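Bear in mind the structure is a predicted one, so any value in this text is a computation, not a measurement. As a basis for the values below, the full set of heavy atoms in this structure was taken, side chains included, without hydrogen atoms, waters or symmetry mates.
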Amino acid sequence: MKVPLVRLLLLCAAACASNKFIVPLNVSPAEIKGTLPVAPATPKDKPGLLLASDPGGTINFFSMVDNLAGDSGRGYYLELLIGSPPQKVNILVDTGSSNFAVAGSPNPDVNTFFDSKLSTSYQSLNTEVTVRYTQGSWTGLLGKDVVSIPKGVNGTFLINIASIFQSESFFLPNINWQGILGLAYSTLAKPSSSVEPFFDSLVQQENIPDVFSMQMCGAGQSSPGNGINAGSLVLGGVEPSLYKGNIWYTPITEEWYYQVEVLKFEVGGQRLNLDCTVYNSDKAIVDSGTTLLRLPDKVFNAMVDAIVQTSLIQNFNAEFWAGLQLACWDKTQQPWNYFPDISIYLRDTNTSRSFRLTLKPQLYIQSVLTFQESLNCFRFGISQSASTLVIGATVMEGFYVIFDRAEKRVGFAVSSCAEVSGITVSEIAGPFGTSDVSSNCIARNPLREPIMWIISYSLMSLCGMILLVLVILLLLSNRQRHDDMETINDESSLVQHRWK
(Lines give C-alpha, C1' and ligand atoms only; values in the text may rest on other atoms or scores of the structure.)
Protein backbone atom coordinates (compact mmCIF):
# COMPACT_ATOMS: atom_id res chain seq x y z
CA MET A 1 0.00 0.00 0.00
CA LYS A 2 1.89 3.02 -1.23
CA VAL A 3 1.06 6.57 -0.22
CA PRO A 4 1.36 8.82 -3.29
CA LEU A 5 3.99 11.49 -2.88
CA VAL A 6 1.43 14.19 -3.73
CA ARG A 7 -0.81 13.03 -0.90
CA LEU A 8 2.09 13.07 1.53
CA LEU A 9 3.05 16.59 0.43
CA LEU A 10 -0.51 17.81 0.95
CA LEU A 11 -0.64 16.29 4.41
CA CYS A 12 2.63 17.92 5.36
CA ALA A 13 1.63 21.29 3.90
CA ALA A 14 -1.68 21.26 5.72
CA ALA A 15 0.09 21.02 9.04
CA CYS A 16 2.90 23.50 8.46
CA ALA A 17 1.22 26.05 10.67
CA SER A 18 2.66 24.38 13.76
CA ASN A 19 6.18 23.40 14.62
CA LYS A 20 5.19 19.81 15.36
CA PHE A 21 2.63 17.68 13.64
CA ILE A 22 1.77 14.11 12.77
CA VAL A 23 1.91 12.58 9.29
CA PRO A 24 -0.40 9.53 8.98
CA LEU A 25 0.75 6.57 6.91
CA ASN A 26 -1.13 3.56 5.59
CA VAL A 27 0.41 0.52 7.25
CA SER A 28 0.04 -3.19 7.74
CA PRO A 29 0.59 -4.70 11.19
CA ALA A 30 4.05 -5.91 10.16
CA GLU A 31 5.53 -3.00 8.25
CA ILE A 32 5.33 0.71 7.62
CA LYS A 33 4.63 1.24 3.95
CA GLY A 34 4.02 4.08 1.55
CA THR A 35 6.93 6.17 0.37
CA LEU A 36 8.73 4.93 3.49
CA PRO A 37 8.69 1.11 3.50
CA VAL A 38 10.08 0.00 6.85
CA ALA A 39 9.62 -3.42 8.40
CA PRO A 40 9.73 -3.79 12.21
CA ALA A 41 10.93 -7.37 11.63
CA THR A 42 12.60 -7.91 8.30
CA PRO A 43 12.19 -11.54 6.96
CA LYS A 44 11.38 -14.26 9.26
CA ASP A 45 14.75 -5.74 10.63
CA LYS A 46 29.25 1.64 11.61
CA PRO A 47 36.12 4.16 12.26
CA GLY A 48 39.64 4.26 11.98
CA LEU A 49 41.01 0.95 10.89
CA LEU A 50 43.24 -1.40 12.84
CA LEU A 51 44.64 -4.58 11.36
CA ALA A 52 44.04 -7.49 13.70
CA SER A 53 44.43 -11.20 13.20
CA ASP A 54 44.16 -14.44 15.09
CA PRO A 55 47.30 -15.90 16.70
CA GLY A 56 47.82 -18.24 13.76
CA GLY A 57 47.76 -15.34 11.32
CA THR A 58 45.18 -17.03 9.08
CA ILE A 59 42.45 -14.39 9.40
CA ASN A 60 42.83 -10.84 8.15
CA PHE A 61 40.18 -8.77 9.88
CA PHE A 62 41.26 -5.71 7.91
CA SER A 63 39.46 -7.08 4.85
CA MET A 64 36.23 -7.48 6.81
CA VAL A 65 35.89 -3.90 8.05
CA ASP A 66 33.04 -2.11 6.23
CA ASN A 67 32.05 -5.29 4.37
CA LEU A 68 28.34 -4.65 5.07
CA ALA A 69 25.97 -2.18 3.43
CA GLY A 70 22.35 -1.30 4.05
CA ASP A 71 20.30 0.30 6.82
CA SER A 72 18.16 -0.78 9.75
CA GLY A 73 14.88 -0.39 7.86
CA ARG A 74 15.83 -2.81 5.09
CA GLY A 75 18.63 -4.78 6.69
CA TYR A 76 22.41 -5.05 6.45
CA TYR A 77 23.80 -7.30 3.74
CA LEU A 78 27.07 -8.97 2.73
CA GLU A 79 28.38 -9.66 -0.78
CA LEU A 80 28.96 -13.35 -1.55
CA LEU A 81 30.07 -15.30 -4.61
CA ILE A 82 28.23 -18.59 -5.20
CA GLY A 83 28.96 -21.42 -7.63
CA SER A 84 31.33 -22.11 -10.52
CA PRO A 85 31.73 -19.76 -12.26
CA PRO A 86 30.89 -17.44 -9.33
CA GLN A 87 27.61 -15.53 -9.28
CA LYS A 88 27.53 -12.37 -7.14
CA VAL A 89 24.64 -11.86 -4.70
CA ASN A 90 23.98 -9.68 -1.64
CA ILE A 91 22.79 -11.59 1.40
CA LEU A 92 20.93 -10.21 4.45
CA VAL A 93 22.83 -10.98 7.68
CA ASP A 94 20.41 -12.47 10.23
CA THR A 95 21.40 -13.73 13.67
CA GLY A 96 17.79 -14.80 14.31
CA SER A 97 17.65 -17.76 11.91
CA SER A 98 19.93 -20.56 10.70
CA ASN A 99 19.32 -21.26 7.00
CA PHE A 100 21.35 -19.87 4.13
CA ALA A 101 19.01 -19.16 1.23
CA VAL A 102 19.10 -17.13 -1.97
CA ALA A 103 16.60 -16.27 -4.69
CA GLY A 104 16.78 -19.12 -7.19
CA SER A 105 14.41 -17.73 -9.79
CA PRO A 106 13.26 -14.29 -11.02
CA ASN A 107 11.34 -12.21 -8.50
CA PRO A 108 9.87 -8.71 -9.02
CA ASP A 109 11.52 -7.43 -5.83
CA VAL A 110 15.08 -8.62 -6.57
CA ASN A 111 17.40 -7.48 -9.32
CA THR A 112 19.34 -10.73 -9.65
CA PHE A 113 19.20 -14.36 -8.53
CA PHE A 114 21.37 -17.45 -8.22
CA ASP A 115 20.88 -19.75 -11.21
CA SER A 116 21.98 -23.20 -10.05
CA LYS A 117 21.81 -24.51 -13.62
CA LEU A 118 24.76 -22.29 -14.52
CA SER A 119 26.96 -23.63 -11.72
CA THR A 120 29.03 -26.72 -12.49
CA SER A 121 29.72 -27.25 -8.77
CA TYR A 122 26.09 -27.21 -7.61
CA GLN A 123 24.83 -30.42 -5.96
CA SER A 124 21.09 -30.86 -5.54
CA LEU A 125 19.92 -32.61 -2.35
CA ASN A 126 16.37 -33.05 -3.70
CA THR A 127 14.90 -31.71 -0.47
CA GLU A 128 12.25 -29.02 -0.25
CA VAL A 129 12.47 -26.63 2.69
CA THR A 130 10.17 -23.89 3.98
CA VAL A 131 11.16 -21.25 6.52
CA ARG A 132 8.75 -18.81 8.15
CA TYR A 133 9.81 -15.61 9.87
CA THR A 134 8.05 -13.00 12.00
CA GLN A 135 7.36 -11.37 8.67
CA GLY A 136 7.34 -13.39 5.48
CA SER A 137 8.30 -16.88 4.41
CA TRP A 138 9.98 -18.72 1.57
CA THR A 139 10.15 -22.19 0.08
CA GLY A 140 13.21 -23.52 -1.71
CA LEU A 141 15.19 -26.56 -2.80
CA LEU A 142 18.13 -27.59 -0.67
CA GLY A 143 21.52 -28.13 -2.29
CA LYS A 144 25.25 -27.57 -1.85
CA ASP A 145 27.66 -25.29 -3.67
CA VAL A 146 30.94 -23.49 -3.20
CA VAL A 147 30.84 -20.01 -1.67
CA SER A 148 33.47 -17.33 -1.21
CA ILE A 149 33.38 -14.00 0.66
CA PRO A 150 35.19 -11.20 -1.22
CA LYS A 151 35.59 -9.20 2.02
CA GLY A 152 35.89 -12.06 4.47
CA VAL A 153 37.73 -15.27 5.22
CA ASN A 154 39.96 -16.26 2.30
CA GLY A 155 39.11 -19.34 0.29
CA THR A 156 36.03 -21.17 -0.92
CA PHE A 157 33.74 -23.30 1.20
CA LEU A 158 31.15 -26.00 0.48
CA ILE A 159 27.91 -24.74 1.99
CA ASN A 160 24.30 -25.87 2.31
CA ILE A 161 22.17 -23.46 0.31
CA ALA A 162 18.45 -23.25 -0.37
CA SER A 163 17.40 -21.91 -3.78
CA ILE A 164 14.17 -19.99 -3.20
CA PHE A 165 11.50 -20.60 -5.83
CA GLN A 166 8.51 -19.26 -3.91
CA SER A 167 8.15 -16.56 -1.26
CA GLU A 168 5.53 -14.44 0.47
CA SER A 169 6.30 -11.00 1.97
CA PHE A 170 9.95 -11.98 2.27
CA PHE A 171 11.64 -9.88 -0.43
CA LEU A 172 10.71 -6.22 -0.05
CA PRO A 173 10.41 -3.46 -2.65
CA ASN A 174 13.60 -1.48 -3.29
CA ILE A 175 15.86 -3.79 -1.31
CA ASN A 176 19.36 -4.56 -2.51
CA TRP A 177 19.72 -8.09 -1.17
CA GLN A 178 18.67 -11.39 -2.74
CA GLY A 179 18.88 -13.88 0.11
CA ILE A 180 19.44 -14.45 3.81
CA LEU A 181 22.43 -15.66 5.83
CA GLY A 182 21.18 -17.26 9.05
CA LEU A 183 23.91 -17.19 11.70
CA ALA A 184 22.05 -18.79 14.62
CA TYR A 185 22.50 -22.36 15.86
CA SER A 186 21.67 -25.52 13.93
CA THR A 187 18.72 -26.14 16.29
CA LEU A 188 16.73 -23.65 14.21
CA ALA A 189 17.80 -25.01 10.81
CA LYS A 190 15.05 -26.31 8.53
CA PRO A 191 13.92 -28.89 7.65
CA SER A 192 16.01 -30.29 10.54
CA SER A 193 19.06 -29.53 12.66
CA SER A 194 21.07 -31.92 10.47
CA VAL A 195 21.35 -29.10 7.89
CA GLU A 196 24.68 -27.54 8.87
CA PRO A 197 24.43 -23.72 8.94
CA PHE A 198 26.79 -21.45 7.00
CA PHE A 199 29.00 -20.35 9.91
CA ASP A 200 29.27 -23.86 11.34
CA SER A 201 30.60 -25.04 7.97
CA LEU A 202 33.05 -22.14 7.87
CA VAL A 203 34.38 -22.96 11.35
CA GLN A 204 34.77 -26.64 10.50
CA GLN A 205 36.36 -26.24 7.07
CA GLU A 206 38.67 -23.30 7.81
CA ASN A 207 39.35 -24.06 11.49
CA ILE A 208 38.62 -20.48 12.53
CA PRO A 209 37.51 -19.55 16.07
CA ASP A 210 33.80 -20.06 16.72
CA VAL A 211 33.23 -16.33 17.15
CA PHE A 212 31.83 -13.57 14.94
CA SER A 213 31.02 -9.94 15.61
CA MET A 214 28.90 -7.21 14.05
CA GLN A 215 28.90 -3.44 13.77
CA MET A 216 25.88 -1.72 12.18
CA CYS A 217 26.43 1.96 11.38
CA GLY A 218 22.99 3.42 10.84
CA ALA A 219 22.58 5.53 13.99
CA GLY A 220 21.00 8.87 13.13
CA GLN A 221 20.69 8.06 9.43
CA SER A 222 17.34 8.44 7.69
CA SER A 223 15.50 5.24 6.83
CA PRO A 224 15.06 4.10 4.17
CA GLY A 225 18.34 5.64 3.14
CA ASN A 226 20.59 5.16 0.17
CA GLY A 227 21.59 1.70 1.37
CA ILE A 228 25.28 2.50 1.62
CA ASN A 229 25.65 2.89 5.38
CA ALA A 230 28.76 1.03 6.42
CA GLY A 231 28.83 -1.97 8.70
CA SER A 232 31.13 -4.86 9.50
CA LEU A 233 30.71 -8.61 9.92
CA VAL A 234 33.93 -9.97 11.40
CA LEU A 235 34.10 -13.75 11.01
CA GLY A 236 36.42 -15.51 13.45
CA GLY A 237 37.01 -12.86 16.09
CA VAL A 238 36.89 -9.26 17.30
CA GLU A 239 38.22 -6.13 15.57
CA PRO A 240 39.44 -3.54 18.16
CA SER A 241 38.90 -0.51 15.91
CA LEU A 242 35.15 -1.12 15.83
CA TYR A 243 34.46 -0.37 19.50
CA LYS A 244 35.38 1.92 22.39
CA GLY A 245 35.92 0.99 26.04
CA ASN A 246 35.41 -2.47 27.47
CA ILE A 247 33.41 -5.44 26.22
CA TRP A 248 30.75 -6.70 28.62
CA TYR A 249 29.52 -10.26 28.21
CA THR A 250 26.19 -11.88 29.03
CA PRO A 251 25.68 -15.67 28.94
CA ILE A 252 23.85 -17.38 26.09
CA THR A 253 21.17 -19.12 28.12
CA GLU A 254 20.13 -21.52 25.37
CA GLU A 255 21.81 -22.34 22.07
CA TRP A 256 19.13 -21.96 19.42
CA TYR A 257 18.58 -18.22 19.01
CA TYR A 258 21.14 -16.06 20.78
CA GLN A 259 19.00 -16.03 23.88
CA VAL A 260 20.06 -13.83 26.79
CA GLU A 261 18.62 -12.88 30.18
CA VAL A 262 17.16 -9.38 30.55
CA LEU A 263 16.93 -8.27 34.18
CA LYS A 264 15.23 -4.88 34.01
CA PHE A 265 14.50 -1.72 32.02
CA GLU A 266 14.86 1.90 33.04
CA VAL A 267 13.35 4.98 31.38
CA GLY A 268 14.92 8.28 32.35
CA GLY A 269 16.68 6.51 35.22
CA GLN A 270 13.41 5.12 36.62
CA ARG A 271 12.91 1.38 36.69
CA LEU A 272 9.84 -0.14 35.05
CA ASN A 273 7.65 -1.73 37.71
CA LEU A 274 7.75 -5.22 36.20
CA ASP A 275 9.12 -8.53 37.40
CA CYS A 276 12.13 -9.73 35.42
CA THR A 277 10.29 -12.89 34.37
CA VAL A 278 7.99 -10.72 32.23
CA TYR A 279 10.95 -9.77 30.00
CA ASN A 280 11.92 -13.42 29.53
CA SER A 281 8.48 -15.04 29.65
CA ASP A 282 8.99 -16.49 26.17
CA LYS A 283 12.56 -15.57 25.28
CA ALA A 284 14.85 -12.54 24.92
CA ILE A 285 17.11 -12.73 21.86
CA VAL A 286 19.70 -10.69 19.96
CA ASP A 287 18.64 -10.53 16.31
CA SER A 288 20.30 -8.46 13.58
CA GLY A 289 17.48 -9.34 11.18
CA THR A 290 14.86 -7.45 13.21
CA THR A 291 14.57 -3.74 12.56
CA LEU A 292 13.34 -2.46 15.91
CA LEU A 293 13.54 -3.16 19.62
CA ARG A 294 10.51 -5.43 20.05
CA LEU A 295 8.89 -5.81 23.45
CA PRO A 296 6.13 -8.10 24.76
CA ASP A 297 2.80 -6.29 25.07
CA LYS A 298 3.00 -5.73 28.82
CA VAL A 299 6.56 -4.41 28.62
CA PHE A 300 5.78 -2.22 25.60
CA ASN A 301 2.80 -0.58 27.32
CA ALA A 302 4.84 0.09 30.45
CA MET A 303 7.65 1.50 28.33
CA VAL A 304 5.36 3.90 26.43
CA ASP A 305 3.71 5.06 29.65
CA ALA A 306 7.12 5.76 31.19
CA ILE A 307 8.34 7.68 28.12
CA VAL A 308 5.15 9.78 28.07
CA GLN A 309 5.55 10.60 31.77
CA THR A 310 9.21 11.63 31.43
CA SER A 311 9.08 13.24 27.98
CA LEU A 312 8.78 17.00 27.56
CA ILE A 313 6.11 16.31 24.92
CA GLN A 314 2.81 15.08 26.30
CA ASN A 315 0.46 15.18 23.32
CA PHE A 316 1.61 12.30 21.12
CA ASN A 317 -1.30 10.08 20.19
CA ALA A 318 -1.41 6.30 20.25
CA GLU A 319 -0.75 6.03 16.50
CA PHE A 320 2.77 7.40 16.88
CA TRP A 321 3.69 4.84 19.54
CA ALA A 322 2.06 2.08 17.48
CA GLY A 323 4.21 2.97 14.45
CA LEU A 324 1.23 4.20 12.43
CA GLN A 325 2.26 7.86 12.25
CA LEU A 326 5.37 9.98 11.94
CA ALA A 327 6.12 13.05 14.05
CA CYS A 328 7.67 15.97 12.16
CA TRP A 329 9.48 19.12 13.17
CA ASP A 330 11.03 22.06 11.32
CA LYS A 331 14.56 21.26 10.20
CA THR A 332 15.81 23.90 12.62
CA GLN A 333 14.62 21.69 15.48
CA GLN A 334 15.75 18.31 16.76
CA PRO A 335 13.35 16.32 18.97
CA TRP A 336 15.88 14.19 20.81
CA ASN A 337 16.27 16.58 23.74
CA TYR A 338 12.59 16.04 24.53
CA PHE A 339 12.93 12.31 25.19
CA PRO A 340 14.55 10.24 27.98
CA ASP A 341 17.34 7.67 27.83
CA ILE A 342 16.35 4.00 27.88
CA SER A 343 18.49 1.40 29.67
CA ILE A 344 18.52 -2.40 29.43
CA TYR A 345 20.15 -4.46 32.19
CA LEU A 346 21.63 -7.84 31.22
CA ARG A 347 23.01 -10.51 33.51
CA ASP A 348 26.80 -10.64 33.49
CA THR A 349 28.79 -13.85 33.00
CA ASN A 350 29.45 -13.43 36.71
CA THR A 351 25.81 -14.17 37.46
CA SER A 352 25.77 -12.15 40.69
CA ARG A 353 26.40 -9.01 38.62
CA SER A 354 24.76 -7.15 35.76
CA PHE A 355 25.64 -4.44 33.27
CA ARG A 356 23.62 -1.71 31.59
CA LEU A 357 23.14 -0.78 27.93
CA THR A 358 21.85 2.78 27.54
CA LEU A 359 20.16 4.07 24.39
CA LYS A 360 20.04 7.80 23.76
CA PRO A 361 16.88 9.07 22.02
CA GLN A 362 18.82 9.30 18.73
CA LEU A 363 18.65 5.49 18.58
CA TYR A 364 14.93 4.98 19.23
CA ILE A 365 13.45 8.22 17.81
CA GLN A 366 14.54 7.50 14.26
CA SER A 367 14.77 9.83 11.30
CA VAL A 368 12.65 8.85 8.29
CA LEU A 369 13.14 10.09 4.74
CA THR A 370 10.10 12.07 3.52
CA PHE A 371 11.57 14.27 0.75
CA GLN A 372 10.44 17.34 2.69
CA GLU A 373 13.01 20.13 2.43
CA SER A 374 11.79 22.03 5.49
CA LEU A 375 10.85 19.12 7.75
CA ASN A 376 12.49 16.34 9.74
CA CYS A 377 10.19 13.40 10.40
CA PHE A 378 10.71 10.58 12.90
CA ARG A 379 9.28 7.20 13.81
CA PHE A 380 9.23 5.31 17.10
CA GLY A 381 11.97 2.66 16.98
CA ILE A 382 10.27 0.30 19.46
CA SER A 383 7.35 -1.99 18.64
CA GLN A 384 5.08 -4.57 20.22
CA SER A 385 5.68 -8.30 20.10
CA ALA A 386 3.21 -11.03 20.98
CA SER A 387 5.67 -12.67 23.37
CA THR A 388 9.35 -12.45 22.39
CA LEU A 389 11.69 -9.64 23.45
CA VAL A 390 13.95 -8.92 20.48
CA ILE A 391 17.09 -6.79 20.76
CA GLY A 392 17.15 -5.71 17.11
CA ALA A 393 18.85 -3.04 15.03
CA THR A 394 17.48 -0.18 17.16
CA VAL A 395 19.82 -1.37 19.93
CA MET A 396 22.55 -3.01 17.85
CA GLU A 397 23.31 0.21 15.94
CA GLY A 398 24.61 1.62 19.21
CA PHE A 399 26.92 -1.27 20.04
CA TYR A 400 29.57 -3.57 18.66
CA VAL A 401 28.10 -7.03 19.33
CA ILE A 402 30.24 -10.15 19.73
CA PHE A 403 28.66 -13.59 19.29
CA ASP A 404 31.18 -15.73 21.17
CA ARG A 405 29.77 -19.19 20.57
CA ALA A 406 32.94 -20.88 21.85
CA GLU A 407 32.38 -19.42 25.34
CA LYS A 408 28.56 -19.36 25.06
CA ARG A 409 28.23 -15.62 25.56
CA VAL A 410 27.24 -12.41 23.76
CA GLY A 411 29.40 -9.33 24.21
CA PHE A 412 28.53 -5.64 23.95
CA ALA A 413 30.79 -2.60 23.65
CA VAL A 414 30.07 0.98 22.56
CA SER A 415 30.33 1.08 18.77
CA SER A 416 32.93 3.41 17.30
CA CYS A 417 30.35 4.63 14.79
CA ALA A 418 27.46 5.20 17.23
CA GLU A 419 27.60 8.99 16.87
CA VAL A 420 25.11 11.59 15.70
CA SER A 421 26.40 15.13 15.13
CA GLY A 422 29.51 14.26 17.13
CA ILE A 423 27.54 12.95 20.12
CA THR A 424 27.89 9.31 21.21
CA VAL A 425 24.38 7.89 21.35
CA SER A 426 25.01 4.74 23.41
CA GLU A 427 26.59 3.97 26.75
CA ILE A 428 27.55 0.87 28.68
CA ALA A 429 28.21 0.69 32.41
CA GLY A 430 28.70 -1.81 35.22
CA PRO A 431 29.03 -3.87 37.22
CA PHE A 432 25.82 -3.63 39.20
CA GLY A 433 24.43 -6.02 41.78
CA THR A 434 21.47 -8.30 41.13
CA SER A 435 19.96 -8.47 44.62
CA ASP A 436 16.90 -6.56 43.41
CA VAL A 437 15.95 -9.20 40.82
CA SER A 438 15.35 -12.93 40.83
CA SER A 439 18.34 -15.25 40.64
CA ASN A 440 16.64 -16.83 37.64
CA CYS A 441 14.43 -14.75 35.35
CA ILE A 442 13.95 -17.51 32.76
CA ALA A 443 11.55 -20.45 32.92
CA ARG A 444 13.75 -23.46 32.30
CA ASN A 445 13.22 -26.17 29.69
CA PRO A 446 9.90 -25.04 28.21
CA LEU A 447 8.60 -26.88 25.17
CA ARG A 448 9.46 -24.14 22.70
CA GLU A 449 9.40 -25.62 19.22
CA PRO A 450 6.19 -26.72 17.48
CA ILE A 451 7.70 -30.16 16.78
CA MET A 452 8.18 -30.67 20.51
CA TRP A 453 4.53 -29.89 21.10
CA ILE A 454 3.54 -32.35 18.39
CA ILE A 455 5.72 -35.09 19.91
CA SER A 456 4.41 -34.34 23.38
CA TYR A 457 0.76 -34.49 22.38
CA SER A 458 1.36 -37.64 20.31
CA LEU A 459 2.92 -39.42 23.30
CA MET A 460 0.12 -38.23 25.57
CA SER A 461 -2.49 -39.52 23.08
CA LEU A 462 -0.72 -42.87 22.81
CA CYS A 463 -0.55 -43.24 26.57
CA GLY A 464 -4.22 -42.33 26.82
CA MET A 465 -5.20 -44.96 24.26
CA ILE A 466 -3.15 -47.65 26.05
CA LEU A 467 -4.71 -46.68 29.37
CA LEU A 468 -8.19 -46.81 27.83
CA VAL A 469 -7.57 -50.31 26.44
CA LEU A 470 -6.31 -51.51 29.83
CA VAL A 471 -9.33 -50.07 31.64
CA ILE A 472 -11.74 -51.66 29.15
CA LEU A 473 -10.01 -55.04 29.51
CA LEU A 474 -10.15 -54.71 33.28
CA LEU A 475 -13.84 -53.83 33.19
CA LEU A 476 -14.66 -56.72 30.87
CA SER A 477 -12.77 -59.09 33.11
CA ASN A 478 -14.57 -57.83 36.22
CA ARG A 479 -17.95 -57.95 34.48
CA GLN A 480 -17.45 -61.55 33.41
CA ARG A 481 -16.42 -62.52 36.93
CA HIS A 482 -19.33 -60.68 38.52
CA ASP A 483 -21.83 -62.15 36.03
CA ASP A 484 -20.66 -65.63 37.03
CA MET A 485 -21.25 -64.72 40.68
CA GLU A 486 -24.64 -63.16 39.80
CA THR A 487 -23.72 -60.08 41.85
CA ILE A 488 -23.22 -56.43 41.04
CA ASN A 489 -20.33 -54.39 42.46
CA ASP A 490 -21.28 -50.74 42.93
CA GLU A 491 -17.74 -49.50 42.34
CA SER A 492 -17.32 -51.29 39.00
CA SER A 493 -20.71 -50.02 37.89
CA LEU A 494 -19.63 -46.47 38.67
CA VAL A 495 -16.45 -46.85 36.64
CA GLN A 496 -18.39 -48.25 33.69
CA HIS A 497 -20.80 -45.34 33.90
CA ARG A 498 -17.95 -42.85 33.76
CA TRP A 499 -16.63 -44.32 30.52
CA LYS A 500 -19.99 -44.32 28.75
Side-chain angles (χ1 to χ4, degrees), residues 41 95-96 134 184-185 187-188 247-288 290 292-307 341-359 364 382-392 394-396 398-399 401-405 407-413 426-449 452:
T95 62
T134 304
Y185 291 96
T187 307
L188 297 180
I247 301 173
W248 291 80
Y249 287 96
T250 186
I252 295 173
T253 61
E254 187 173 345
E255 295 171 285
W256 57 327
Y257 299 94
Y258 293 100
Q259 183 177 348
V260 297
E261 187 176 6
V262 175
L263 303 186
K264 59 184 177 181
F265 275 84
E266 289 179 349
V267 176
Q270 299 298 311
R271 178 177 176 177
L272 295 187
N273 188 26
L274 295 173
D275 187 83
C276 69
T277 56
V278 176
Y279 305 126
N280 306 276
S281 57
D282 178 42
K283 55 185 174 291
I285 64 174
V286 183
D287 179 14
S288 65
T290 293
L292 307 180
L293 169 61
R294 305 194 71 214
L295 302 176
D297 290 341
K298 189 174 183 178
V299 182
F300 178 83
N301 293 332
M303 175 73 70
V304 170
D305 289 344
I307 294 174
D341 294 349
I342 293 176
S343 296
I344 308 170
Y345 286 76
L346 300 175
R347 194 177 297 278
D348 190 74
T349 48
N350 178 342
T351 57
S352 64
R353 308 189 313 183
S354 66
F355 62 92
R356 180 180 68 207
L357 307 178
T358 297
L359 315 180
Y364 72 89
I382 303 174
S383 67
Q384 286 179 289
S385 165
S387 56
T388 302
L389 191 155
V390 185
I391 298 174
T394 290
V395 178
M396 293 182 68
F399 300 91
V401 185
I402 298 93
F403 298 85
D404 187 349
R405 295 148 53 104
E407 297 296 329
K408 298 182 181 179
R409 59 186 186 173
V410 177
F412 294 85
S426 59
E427 296 176 357
I428 190 165
F432 302 100
T434 58
S435 59
D436 59 338
V437 297
S438 171
S439 60
N440 176 22
C441 298
I442 301 176
R444 297 295 176 183
N445 298 321
L447 291 175
R448 300 183 182 276
E449 291 291 89
M452 295 301 295

Nearest-0.5 Å distance, CG of residue L292 to CD1 of residue I391:
13.5 Å
Within the 4.5 Å heavy-atom criterion, are W256 and K283 side-chain neighbours or not?
yes
Given Y279, which partner from the list V437, L263, L389 fulfils the side-chain contact (heavy atoms from CB on, under 4.5 Å) test?
L389
Can you tell me how far apart CH2 (W248) and CG (L346) are? Round to the nearest 0.5 Å.
11.5 Å
Side chain T434, main chain S352, donor-acceptor under 3.5 Å:
yes
Which atom of C441 lies closest to which atom of S438, heavy atoms considered:
SG-O, 3.8 Å
Check: T388 and T134 side chains under 4.5 Å, non-hydrogen atoms
no
Side-chain heavy-atom pair I402, R409 within 4.5 angstrom cut-off
no
Using the test side-chain hydrogen bond (donor to acceptor under 3.5 Å, both in side chains), find all partners of Y345 that sit at least two apart in sequence or belong to another chain.
E266, R356
Considering only heavy atoms from C-beta outward, does the side chain of K298 approach that of S281 to under 4.5 Å?
no
Gap separating the CG atom of L293 from the CD1 atom of I342, nearest 0.5 angstrom:
7.0 Å
Reported CZ-to-OG1 distance for the pair R347 and T253, which is rounded to 0.5 angstrom:
10.5 Å
Exercise: identify the closest heavy-atom pair between S354 and G433
OG-O, 3.7 Å
Any side-chain heavy-atom pair of F300 and S385 under 4.5 Å:
no
From T358 OG1 over to E427 CD, what is the distance, rounded to the nearest 0.5 angstrom?
5.5 Å
Residues G96 and A184: closest non-hydrogen pair is C-CB, 4.4 Å
Quick check on E255: does its CD atom have over 12 non-hydrogen neighbours (other residues, nucleotides or ligands) under 6.0 Å away?
yes
Applying the side-chain contact (heavy atoms from CB on, under 4.5 Å) criterion to F412, which one of V286, I344, V260, I247 satisfies it?
V286
Approximate separation, where rounding is to 0.5 Å, of L295 CG and S383 OG
7.5 Å
Donor-acceptor pair, side chain of N280 and main chain of V262, under 3.5 angstrom:
yes
Beyond-backbone contact of E261 with T351, side-chain heavy atoms, under 4.5 angstrom
no
Indicate yes or no for a side-chain donor-acceptor contact from T394 to the backbone of Y364 under 3.5 Å, with no hydrogens or angles considered.
no
Hey, are the side chains of F355 and T250 touching, using non-hydrogen atoms and a 4.5 Å cut-off?
yes
Answer yes when R294 and D287 have at least one side-chain N-carboxylate O distance shorter than 4.0 Å, and no when they do not.
no
Within the 4.5 Å heavy-atom criterion, are Y185 and I252 side-chain neighbours or not?
yes
